[in-house]
Amino acid sequence: MKKDYDKLRLFALLVVVSVLAIAMWPAGGLGEELAQQDSWEAFKVIVERNMFSRQRGRRVEQVQGEQMRTPAVMNPESYYVLKGIAQEDGEFVAFLEDTQRGQILRVRKGDKIARGVVTALTLDTIEYQFGERTATVAMGYDLEGGQGVVTLTQMYELSQTYSTTPQQQPSAQPATTSEDEAEILKQLMERRQQQVGQ
């Protein structure tokens with residue numbers, strides 16, 4: 001029995017020594033560099049996805065040659081918004097707002113605007129041709145058929161309409177329009193009232 005007990009003690013001692021040898025192996029200098037690399041690799045996920053880190057988020061891999069971001073250049077057509085169409089002496093006239101300059105332009109069939117030409121006008125839409133592309137533009141849309149570009153002035157005006165503090169409204173400036181333009185605007189308002197009344 002004592003013999004079995006000695007064998008068991010010897011076996012336990014051998015197991016303890018082998019476990020200690022395995023545990024101490026990286027600290028012995030032989031695999032120290034390998035152990036350090038592995039330890040940082042093991043914690044890489046924690047470092048990158050740490051919820052307490054200020055730089056947390058999707059990591060963007062840096063390209064060796066840093067690329068300059070070029071600002072998006074808007075098409076000139078996106079600055080012209082169709083505001084109204086009137087019929088004057090049997091000919092249609094479209095009113096386009098140049099949101100970039102803050103002006104209203106009168107456009108007829110065949111007039112050049114931005115990089116294209118107005119090819120047709122109806123009471124509801126205009127057709128704008130740029131190169132081989134033809135766009136049908138409805139009221140309130142730009143020459144590309146989209147919503148158009150929101151300028152800083154428009155953003156400021158929008159912010160003022162949603163302001164919580166009451167502000168004094170600026171006094172209305174009298175519009176300096178010619179008699180023709182005033183007559184066209186009057187006709188547009190009457191037509192709109194008839195459409196709403198139906």
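Along the sequence shown, the residues carry numbers beginning at 1. What you see below is based on every heavy atom in this structure, not just the backbone, and it leaves out hydrogens, waters and symmetry mates.
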Reported CD1-to-CG distance for the pair I126 and L143, which is rounded to 0.5 angstrom: 5.5 Å

Backbone of V15 reached by a side-chain donor or acceptor of S18 within 3.5 Å: yes

N75 (side chain) donor-acceptor with E77 (main chain) under 3.5 angstrom: no

Rounded distance (nearest 0.5 Å) linking atom CG of D89 with atom CG of D180: 8.5 Å

Gap separating the CD atom of Q193 from the CD atom of Q195, nearest 0.5 angstrom: 11.0 Å

Which residues share a salt bridge (Lys or Arg N to Asp or Glu O under 4.0 Å) with R101, sequence neighbours left out: D98

Y80 versus E97, side-chain donor and acceptor atoms under 3.5 Å: no

Heavy-atom neighbours of R192 CZ exceed 12 at 6.0 Å: no

R191 (side chain) donor-acceptor with A86 (main chain) under 3.5 angstrom: no

Full working for side-chain contact (heavy atoms from CB on, under 4.5 Å) between I113 and L105: CA-CA 10 Å; I113 270 290; L105 305 172; 3.8 Å; yes

Pairwise distance CD(Q87) to CG(L121) - rounded to 0.5 angstrom: 10.5 Å

Side-chain donor or acceptor of Y128 paired with backbone N/O of V137 under 3.5 Å: no

Shared hydrophobic cluster, M189 / L82 (ILVMFWY, side-chain heavy atoms < 4.5 Å): no

Lys/Arg N to Asp/Glu carboxylate O, E88 vs R106, below 4.0 Å: yes

K83 side, atom NZ; T99 side, atom OG1 - distance, nearest 0.5 Å: 9.0 Å

Inter-residue atom distance R133.CZ - E144.CD, 0.5 Å rounding: 6.0 Å

For E183, salt bridge (Lys or Arg N to Asp or Glu O under 4.0 Å) partners two or more places apart: none

Path from V117 to L96 over hydrophobic side-chain contacts below 4.5 Å: no

Any side-chain heavy-atom pair of D111 and R108 under 4.5 Å: yes

Residues which pass salt bridge (Lys or Arg N to Asp or Glu O under 4.0 Å) with E190, listed by chain and number, not counting sequence neighbours: none

Sidechain-backbone polar pair: T119 side chain, E127 backbone, donor-acceptor under 3.5 Å: yes

Sub-4.5 Å side-chain heavy-atom contact between I184 and F95: yes

